[in-house]
Student: 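After the structure tokens below, expect a handful of questions from me.
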Amino acid sequence: KIAIISGKGGVGKSTVTANLAMTFATQQPTRGIGVLDADIHGPCIPKMLNLKGRKLNSGPNGAIYPVTGSLGIKVVSMDFVLPNDEAPVVWRGPLKMRAIQQFLSDITWGRLDYLFIDLPPGTGDEPLSVMQLIPDLDGVIIITMPSEVSQVVVKKAVTFARQLRVPIIGIIENMSGFVCPDCGAKINIFKSGGGKKIADDMVVPY
């Protein structure tokens with residue numbers, strides 16, 4: 001059970017979560033892979049895994065099943081219960097915590113060997129709910145961009161995980177380079193080295 005977090009928005013948490021799920025499913029095809037999209041207000045996982053427009057599956061005796069995508073990846077997201085793409089989720093903290101609790105306990109997930117949890121930015125309701133509802137979380141992966149602004153905010157996610165005594169698997173620096181398709185040159189549009197600097201400063205794996 002691995003949560004993907006960041007103190008900063010727009011750093012690519014959902015992209016990393018989707019890529020992790022696809023990689024694990026490709027390299028270990030006999031394993032059960034699940035993704036919980038815990039971003040209640042801005043769920044992105046269904047789009048990234050080509051599952052837009054799908055709904056949670058109902059079964060006998062009131063059972064609710066995840067949506068199953070390519071390579072057998074099981075996905076649960078708020079996007080699967082909204083009436084359309086324009087419908088906002090106007091909820092306060094307790095309702096969001098209840099939704100995440102239901103996603104974890106009321107969904108008939110079936111066999112899972114790996115569960116990746118995509119969290120919204122910050123250290124508020126959703127991340128706190130997941131940390132409290134999954135007391136044996138195996139760890140968190142923290143995503144950052146190379147920018148100095150991202151470094152300042154993402155350090156808070158490291159402290160957040162430590163305060164809740166959740167193991168930190170490591171920091172990933174996303175968007176650290178663009179490789180030109182014509183000449184092959186690598187261009188650091190957003191600079192580089194921010195993730196390594198956080199890892200060094202906070203003494204966590206990079």
Student: Look at the side chain of Glu173 and the backbone N and O of Gly194, then say whether any donor-acceptor pair between them is shorter than 3.5 Å.
Tutor: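 Side chain of Glu173 to backbone of Gly194, a donor-acceptor pair under 3.5 Å: yes, one is there.
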Student: Inspect the surroundings of NZ in Lys155 and state if more than 12 heavy atoms from other residues, nucleotides or ligands are less than 6.0 Å away.
Tutor: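 Result for NZ/Lys155: enclosed.
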Student: Taking the side chain as every heavy atom from C-beta outward, state whether Ile107 and Gln102 have any atom pair closer than 4.5 Å.
Tutor: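 Heavy-atom side-chain distance check fails, nothing below 4.5 Å.
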Student: Would you give the length of the straight line joining atom OH of Tyr114 to atom CD1 of Ile33, rounded to the nearest 0.5 angstrom?
Tutor: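 Atom-to-atom, Tyr114:OH and Ile33:CD1 are 6.5 Å apart.
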Student: Could you pull out the closest heavy-atom pair between Asn57 and Val67, with the gap in Å?
Tutor: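 Looking at all heavy atoms of both residues, the closest pair is ND2-CA, 4.1 Å.
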Student: Is there a path of hydrophobic side-chain contacts, each under 4.5 Å between heavy atoms, that joins Leu82 and Met48?
Tutor: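 Result: no, two separate clusters.
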Student: Could you tell me whether the side chain of Ile64 reaches within less than 4.5 Å of the side chain of Thr108, counting heavy atoms only?
Tutor: no
Student: Going from CG on Asp39 to CG on Leu119, what distance comes out if it is rounded to the nearest 0.5 angstrom?
Tutor: 8.5 Å
Student: Thr144 versus Asn174: any side-chain heavy-atom pair under 4.5 Å?
Tutor: no
Student: Check whether Ile172 and Val152 end up in the same hydrophobic cluster, where Ile, Leu, Val, Met, Phe, Trp and Tyr are linked by side-chain heavy atoms less than 4.5 Å apart.
Tutor: no
Student: Counting only heavy atoms not in Asn50, do more than 12 fall under 6.0 Å of its CG?
Tutor: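 For Asn50, atom CG is not crowded (no more than 12 foreign heavy atoms under 6.0 Å).
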Student: If you look at every heavy atom in Pro120 and Pro127, which pair is closest and at what distance?
Tutor: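 Nearest heavy atoms, Pro120 then Pro127: O-CG, 4.1 Å.
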Student: Near Asn61 CG, under 6.0 Å, is it more than 12 heavy atoms from other residues, nucleotides or ligands?
Tutor: no
Student: Apply side-chain contact (heavy atoms from CB on, under 4.5 Å) to Ile117 and Leu137, showing your working.
Tutor: CA-CA 10 Å; Ile117 305 150; Leu137 199 68; 4.0 Å; yes
Student: If you take all heavy atoms of Asp37 and Cys44, which pair is closest and at what distance?
Tutor: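 Scanning both residues completely, I find the closest heavy atoms to be OD2-N, 3.3 Å.
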Student: Do you know the tightest heavy-atom contact between Pro205 and Ile168?
Tutor: CD-O, 4.0 Å
Student: To the closest 0.5 Å, what do you measure between CG (Leu51) and OG (Ser70)?
Tutor: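 The OG atom of Ser70 is 7.0 Å from CG of Leu51, to the nearest 0.5 Å.
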Student: Do Thr159 and Met202 have side-chain heavy atoms sitting under 4.5 Å apart?
Tutor: yes
Student: Looking at side-chain heavy atoms only, is the closest gap between Val158 and Asp201 below 4.5 Å?
Tutor: no
Student: When you compare the side chain of Val140 with that of Phe160, does any pair of heavy atoms fall below 4.5 Å?
Tutor: no
Student: Rounded to the nearest 0.5 Å, how far apart are CD1 of Ile45 and CG of Leu36?
Tutor: 9.5 Å
Student: Within the side chain of Asp118, is there an N or O that forms a donor-acceptor pair under 3.5 Å with the backbone of Thr17?
Tutor: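 No: the side chain of Asp118 does not pair with the backbone of Thr17.
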Student: More than 12 non-hydrogen atoms from neighbouring residues, nucleotides or ligands closer than 6.0 Å to NZ on Lys52, yes or no?
Tutor: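 Yes, enclosed.
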Student: If you take all heavy atoms of Leu56 and Pro66, which pair is closest and at what distance?
Tutor: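 Between these two residues, the closest heavy atoms are CD2-CA, 4.2 Å.
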Student: Just wondering, do Ile142 and Ile4 contact through their side chains at under 4.5 Å, heavy atoms?
Tutor: no
Student: Could you check whether any side-chain N or O of Ser6 sits under 3.5 Å from a backbone N or O of Val154, counting only pairs where one atom can act as donor and the other as acceptor?
Tutor: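 Here the side-chain-to-backbone pair does not exist.
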Student: Quick one: do Phe190 and Phe178 satisfy ring-ring contact (aromatic ring centres under 6.0 Å, His included)? Show the steps, please.
Tutor: CA-CA 9 Å; Phe190 301 108; Phe178 166 74; over 10 Å; no
Student: Under 3.5 Å, is there a donor-acceptor pair between the side chain of Lys74 and the main chain of Arg111?
Tutor: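 Answer holds: yes.
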Student: Mark yes or no for whether His41, through its side chain, and Val89, through its backbone, hold a donor-acceptor pair below 3.5 Å.
Tutor: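 Present.
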Student: For the atom pair CG (Asp113) and CZ (Phe24), what is the distance rounded to the nearest 0.5 Å?
Tutor: 11.0 Å
Student: Examine distances only and state if a side-chain atom of Thr23 and a backbone atom of Asn19 form a donor-acceptor pair shorter than 3.5 Å.
Tutor: yes
Student: If we ignore hydrogens and angles and just use 3.5 Å, is the side chain of Lys13 paired with the main-chain N or O of Lys8 as donor and acceptor?
Tutor: yes
Student: Taking all atoms of both residues into account, what is the closest heavy-atom pair of Val11 and Ser150, and its distance?
Tutor: CG1-OG, 4.0 Å
Student: Answer with yes or no whether the hydrophobic clustering places Val75 together with Val81; edges join I, L, V, M, F, W, Y residues whose side-chain heavy atoms lie under 4.5 Å apart.
Tutor: yes
Student: Quick one: do Val76 and Met131 end up in the same hydrophobic cluster if we chain Ile, Leu, Val, Met, Phe, Trp and Tyr together by side-chain heavy atoms under 4.5 Å apart?
Tutor: yes
Student: Do Gln151 and Met145 come close enough that some side-chain heavy atom pair is under 4.5 Å?
Tutor: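 Result no, sub-4.5 Å side-chain heavy-atom pair not found.
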Student: Does one hydrophobic cluster hold both Met78 and Trp109, with members joined at side-chain heavy-atom distances below 4.5 Å?
Tutor: yes
Student: Could you walk me through whether Asp125 and Met97 pass the side-chain contact (heavy atoms from CB on, under 4.5 Å) check?
Tutor: CA-CA 7 Å; Asp125 294 318; Met97 184 170 183; over 6 Å; no
Student: Nearest 0.5 Å, what's the CG-CD distance between Leu71 and Gln28?
Tutor: 12.5 Å
